[in-house]
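To start, the structure under review is shown below, and the notes come after it.
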Amino acid sequence: MIKVAILGYGTVGSGVFKILKENSNIITGKAGQAVDVKYVLDLRDFPGDPCENVLVHDYNIILNDPEVEVVIEVMGGLKPAYDFVKAALEEGKSVCTSNKELVAKHGAELIRIAHGKNRNFLFEASVGGGIPIIRPLNMHITADRIQEITGILNGTTNYILTKMGREGADFESTLKQAQDLGYAERNPEADIEGFDAVRKIAILASLANGKTVDFEEIYTEGISKISAEDFKYAKKMNQSIKLLAKCKNEENAIVASVSPRLLSPDHPLYNVNDVINGILVRGNMVGDLVFIGSGAGSLPTASAVVSDVVDSVRHLNVSTTMTWSEEKLQLKDFAESKKKFFVRAKAELKEIADVFGDVELIDAGIAGEKGFVTGKISEEEFAQKAERLGGIISRIRIES
Ligand code: HSE
């Protein structure tokens with residue numbers, strides 16, 4: 001029997017506890033031995049809860065207990081998670097986590113420490129919640145150069161954009177409704193400004209390329225400026241608007257970004273709606289692979305965490321392959337990346353043609369402005385032309 005400890009008894013931690021109890025027979029079969037929760041660590045008390053008998057408030061009890069082989073970190077945030085996880089690994093325990101902040105910031109270092117002890121640092125739940133994506137990248141898609149990963153990696157923003165698209169509502173009222181229904185946090189900045197998605201794409205980009213992609217170097221734009229009018233044009237073009245997190249090999253350099261994009265119906269992520277996440281992986285041999293499912297929520301996320309626990313038990317004294325070094329990956333300058341742009345501007349047709357040349361006009365019946373699609377140009381060129389034209393109301397990149 002393997003003893004494990006859960007750090008944090010919140011949404012994910014209570015889900016992990018529940019799955020380890022309710023699916024114990026299945027998990028025992030898959031892991032090859034029973035997995036027993038010896039401790040749950042939380043600052044709070046949970047009178048009457050099934051975790052009550054194993055609840056502790058002092059991390060040192062777990063750290064200093066040699067019987068604990070696997071530590072499950074589901075507290076979130078960097079403090080104290082980073083110190084706790086590092087100490088557990090240095091103590092020779094494996095760690096499974098759902099913590100994307102921790103993995104994006106310290107992933108390579110924590111993998112190195114784990115491997116130095118013949119142990120594992122696993123983080124399937126850190127991206128895409130219940131969707132298997134980390135293990136496929138590490139273990140399965142190993143014969144390919146990964147050309148592109150494009151993901152809808154944030155459920156909150158996908159829910160808001162889907163609702164705006166369906167109901168024609170504006171951003172602020174849709175966000176408020178999402179908050180009232182518990183789909184969006186009271187402080188929604190990390191989700192709506194893309195800070196959550198950028199950490200997740202940094203993790204995927206690091207695994208796909210074997211070096212560390214610094215999330216702070218990734219161009220990041222959220223959805224707070226997307227309006228009901230933008231969706232009128234999208235409808236006219238038969239396109240959806242999605243917050244896409246991307247890393248792509250463009251002329252032998254990796255470009256990464258998080259930004260709202262217009263998608264046509266033939267794109268694999270066009271119909272990924274509501275809180276669902278979707279990830280397209282394009283390999284140079286295998287072609288397109290698409291992963292779709294619950295990107296958040298207690299049980300889907302906990303299911304991915306427990307899959308890591310099973311993996312850790314199966315590989316108790318051997319490190320499973322995880323190619324992610326601490327060497328930094330130099331990203332291509334986003335300003336050089338080319339694409340078409342959809343633009344709304346208060347300008348005359350002649351002025352638009354003078355600056356952008358041949359454009360495709362889109363008429364969504366909105367007075368006092370023009371909507372158009374540019375040719376394929378770089379971010380830098382677009383910014384220069386937009387400044388020359390003036391009167392830009394909004395612009396959305398077009399996914400190709
Ligand atoms: N806030 C995240 C989301 C939760 O909305 O997808 C999962 O990381």
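In this chain, numbering begins with 1 at the start of the sequence shown. First listed ligand is number 1; within each ligand, the first listed atom is number 1.
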Have a look at ligand 1 and work out which part of [X], if any, has a heavy atom under 4.0 Å from it: side chain, backbone, both or neither.
| X | value |
| --- | --- |
| Asp196 | side chain |
| Glu185 | neither |
| Asn154 | both |

Check your understanding: Any luck finding a side-chain donor-acceptor pair between Tyr233 and Glu369 under 3.5 Å?
Key -> yes
Point to revise | Residue and atom name of the nearest protein heavy atom (relative to atom 5 (O) of ligand 1), distance in Å to one decimal | key: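 Minimum-distance protein heavy atom for atom 5 (O) of ligand 1 reads Thr156 OG1, 2.6 Å.
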**Study point:** Nearest-contact summary for atom 4 (C) of ligand 1 - protein heavy atom, Å
**Key:** Ala296 CB, 3.9 Å
Are [X] and [Y] packed together at the side-chain level, in the sense that at least one heavy-atom pair is separated by less than 4.5 angstrom?
| X | Y | result |
| --- | --- | --- |
| His106 | Leu78 | yes |
| Val343 | Thr374 | yes |
| Phe342 | Arg344 | yes |

Check your understanding: Within the distance-only criterion (no hydrogens, no angle test), does the side chain of Glu124 pair as donor or acceptor with the backbone N or O of Arg135 below 3.5 angstrom?
Key -> yes
Exercise for review: Please answer whether the main-chain N or O of Glu189 pairs with a side-chain N or O of Glu193 as donor and acceptor at a distance below 3.5 Å.
Suggested key: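 Looks like no, no N/O pair under 3.5 Å.
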Check your understanding: Looking at ligand 1, does Gly295 have a heavy atom less than 4.0 Å from it?
Key ->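 So Gly295 counts as touching ligand 1.
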Point to revise | Enumerated ligand 1 atoms positioned under 4.0 Å from heavy atoms of Asp191 | key: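 Listed by number with element: 1 (N), 2 (C), 3 (C), 5 (O).
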Review point. Which atoms of ligand 1 have any heavy atom of Lys200 under 4.0 Å away?
Key: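 Those of ligand 1 that fall under 4.0 Å from Lys200 are 6 (O), 7 (C), 8 (O).
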**Study point:** Check: Asn277 N/O within less than 3.5 Å of ligand 1 N/O
**Key:**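 N/O-N/O distance below 3.5 Å does not exist for this pair.
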Exercise for review: On the 0 to 90° scale, with breaks at 30° and 60°, tag the Trp324-Phe123 ring pair as parallel, tilted or perpendicular.
Suggested key: perpendicular
Point to revise | Shortest heavy-atom approach to atom 6 (O) of ligand 1 - which of Gly155, Gly76, Gly128 | key: Gly155
